[in-house]
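Please read the structure below before turning to the comments.
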Amino acid sequence: MPDLPTNRRPKVPLLTGAEPFRHEGGETAVLLCHGFTGSPQSLRPWAEHLAARGLTVSLPLLPGHGTRWQDLGVTGWQDWYAEVDRELRVLRERGDRVFVAGLSMGGALALRLAARHGDAVSGVMVVNPANKVHGVAAHALPVLRHFVPATKGIASDIAKPLSRELGYDRVPLHAAHSLRNFFRLVDGELPGVTQPLLLMRSPQDHVVPPADSARILGRVSSVDVTEVLLEQSYHVATLDHDAERIFRESTAFIGRLAPGAVRESGLGKEGTTAGG
């Protein structure tokens, strides 16, 4: 059977749990960015924690994510960054004070938002932020991606039993090549990050090595910097043993920089999800 024309191909449904999250709270907002091959599911508990404390929260689904890995293979960093850039502009148009946050590649997205938007971003919170595609294979990506469509996945690096990340089991190499280029771009822009920075990292991370966090801390221009070690967690620490610590540290960080913005738990309205 021949392929359907692009405009007639059936839309691939979102994976259950991969839906974006939005909560309308107070005048202080947090934009959360999920990681490469992952989905909003990995940050949903963090988003709900922030929403329950009266903050406006936006957790978008990045293009190519939350469906099947083949969809990610036809997207690139420009698509992923454009999505979070648009969300930041929407929040700013409301007059909100905005904090940006992210996990892994989402951390790199958040750092670029901070570097490019300056005073429009009040602070940055990142968990195991990625800065480089490592290994010998990374140097082969420009050529290898034309012959090998995908390699094994990186999702669900979690120490906590029975906790799972909703992510792809394959990594499309075209997208990985674009990710490599994005990290190089962001690395050059890190000196433009001047906002207060909360960097939380896991010493036992099987996806992103400690060198990435060290590189970021060494290149940003932020004066107000807090580093927190997540000793009991692996890469996806937002779903791991240290999740509650991430939640506490981030609300304390926001509360310090935006006095009165964080309320006691239970006073916020419920958030909403939107299907793709």
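For residues 54-63, no residue pair satisfies the salt bridge (Lys or Arg N to Asp or Glu O under 4.0 Å) rule, not counting sequence neighbours.
With sequence neighbours excluded, no residue forms a salt bridge (charged side-chain N to carboxylate O under 4.0 Å, His left out) with Asp79. In this structure, the salt bridge (charged side-chain N to carboxylate O under 4.0 Å, His left out) partners of Arg245, at least two apart in sequence or on a different chain, are Glu249. Taking Thr37 as the reference, Leu72, Ile154, Tyr168, Val171 meet the side-chain contact (heavy atoms from CB on, under 4.5 Å) condition, with sequence neighbours excluded. Qualifying ring pair (Phe, Tyr, Trp, His ring centres under 6.0 Å) partners for His34, counting only residues two or more places apart in sequence or in other chains: His65. For Ser122, the side-chain contact (heavy atoms from CB on, under 4.5 Å) partners at least two apart in sequence or on another chain are Arg97, Phe99. The salt bridge (charged side-chain N to carboxylate O under 4.0 Å, His left out) check on Arg164 picks up nothing, with sequence neighbours excluded. With sequence neighbours left out, the side-chain contact (heavy atoms from CB on, under 4.5 Å) criterion links Arg215 to Asn131, Asp187, Arg219. Remark: Thr238 pairs with no residue by the side-chain hydrogen bond (donor to acceptor under 3.5 Å, both in side chains) rule, at least two apart or across chains. Remark: Ala155 engages Glu165 in a side-chain contact (heavy atoms from CB on, under 4.5 Å) (not counting sequence neighbours). Under the ring pair (Phe, Tyr, Trp, His ring centres under 6.0 Å) criterion, His49 pairs with Phe247, not counting sequence neighbours. The salt bridge (charged side-chain N to carboxylate O under 4.0 Å, His left out) check on Arg116 picks up Glu189, with sequence neighbours excluded.
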